Peer 1: 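Quick one: the structure is below, questions incoming.
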Amino acid sequence: MEYKKPIGINIDLETGVIPGAKKLVRRLSDLKGYFLDEDAYNELLKDDPVVYEVYAVEQEEKEGDLNFATTVLYPGKVGKEFFFTKGHFHSKADRAEIYYGIKGKGGMLLQTPEGEAEWIPMGPGTVVYVPPYWAHRTVNTGDEPFIFLAVYPADAGHDYGSIKDKGFSKIVIEENGEVKVVDNPRW
Ligand code: M6P
Ligand code: ZN
């Protein structure tokens, strides 16, 4: 039997960087069609800001193994809508996931395949259990980077399809200086 080497690694709790991890950068241009306010989107696109970065340590897509990743989700809004991650179901839909808040302020939108949505506020120390079958998207509702760790089965995969097309049934906006989770008018 060949055994893999264990990994022990320190996350930089200020920046979210995992040394040696694979880095993925998502800019606003990668999120075309995701935000409601198209005029605000196109205006902001001139600068094409980085919306989030992911530092992932991933294994072969095999049952039983685990991946982990930090996400650094920058503060910002497109119109009234706070910056968010794309959001996905798992390709193997019954795979669960754990998130752990490290820095900043935000939350997670979760949704069943039938469109029942839940909002869970997150800050440093918050653990979120994403049950099997729930789509999940994180949102930065603060004014500094929102940083968190995610641990997920190596064979979970990402299914972006229906979220890309329809979004979530709820959106997270700022109105009169308040964070509000309201029905998505396009749903
Ligand atoms: C977390 C994990 C990753 C995911 C990332 C960004 O770190 O859930 O699997 O890729 O967030 O989210 P998304 O893939 O939806 O853009
Ligand atoms: Zn996931």
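Since this is a predicted model, take the numbers as computed values, not measurements. As the structure lists them, so they are numbered: ligands from 1, and atoms in each ligand from 1.
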Peer 1: For Y160, does the six-membered ring have the charged nitrogen or CZ of K86 within the cation-pi criterion, i.e. under 6.0 angstrom from the centroid and within 45° of the normal?
Peer 2: yes

Peer 1: Does the N184 side chain pair with the main chain of I171, one donor and one acceptor, at a distance under 3.5 Å?
Peer 2: no

Peer 1: Tell me the angle that OE1 of E97 and NE2 of H136 form around the Zn ion (ligand 2), rounded to 10°.
Peer 2: 90°

Peer 1: Among all protein heavy atoms, pick the one closest to atom 14 (O) of ligand 1 and tell me residue, atom and distance.
Peer 2: Y160 OH, 2.5 Å

Peer 1: So if you build clusters from Ile, Leu, Val, Met, Phe, Trp, Tyr with side-chain heavy-atom gaps below 4.5 Å, do I147 and I9 land together?
Peer 2: yes

Peer 1: Just checking F146 against F83, ring centres under 6.0 Å apart?
Peer 2: no

Peer 1: N/O/S atom of H158 under 2.8 Å from the Zn ion (ligand 2), yes or no?
Peer 2: no

Peer 1: Near Y152, which atoms of ligand 1 are under 4.0 Å from a heavy atom of that residue?
Peer 2: 9 (O)

Peer 1: Out of E97, K86, H90, whose heavy atom is nearest to atom 8 (O) of ligand 1?
Peer 2: E97

Peer 1: Using a 4.0 Å cut-off to any heavy atom of Y99, which atoms of ligand 1 qualify?
Peer 2: 1 (C), 2 (C), 8 (O), 11 (O)

Peer 1: Could you check atom 12 (O) of ligand 1 against the protein and tell me its nearest heavy-atom contact, residue, atom and distance included?
Peer 2: T85 CB, 3.8 Å

Peer 1: Give the atoms of ligand 1, by number and element, whose distance to some non-hydrogen atom of T71 is under 4.0 Å.
Peer 2: 1 (C), 5 (C), 7 (O), 11 (O)

Peer 1: So which protein heavy atom does atom 9 (O) of ligand 1 come closest to, and at what separation?
Peer 2: H158 NE2, 2.7 Å

Peer 1: Quick one: is the NZ or CZ of K170 closer than 6.0 Å to the six-membered ring centre of W119, and within 45° of its axis?
Peer 2: no

Peer 1: What atoms in ligand 1 come closer than 4.0 Å to a heavy atom of A150?
Peer 2: 1 (C), 2 (C), 7 (O)

Peer 1: Taking side chain as C-beta onward, heavy atoms only, is V50 less than 4.5 Å from Y74?
Peer 2: yes

Peer 1: Just jot down the ligand 1 atoms closer than 4.0 angstrom to any heavy atom of Y52, in number order.
Peer 2: 6 (C), 13 (P), 16 (O)

Peer 1: Check whether any N or O atom of H88, backbone or side chain, sits under 3.5 Å from an N or O atom of ligand 1, and answer yes or no.
Peer 2: yes

Peer 1: With no hydrogens and no angle check, is any side-chain donor or acceptor of T112 less than 3.5 Å from a backbone partner on W134?
Peer 2: no

Peer 1: Please say yes or no: joined through hydrophobic side-chain contacts below 4.5 Å, possibly via intermediate residues, are V179 and F84 part of one cluster?
Peer 2: yes

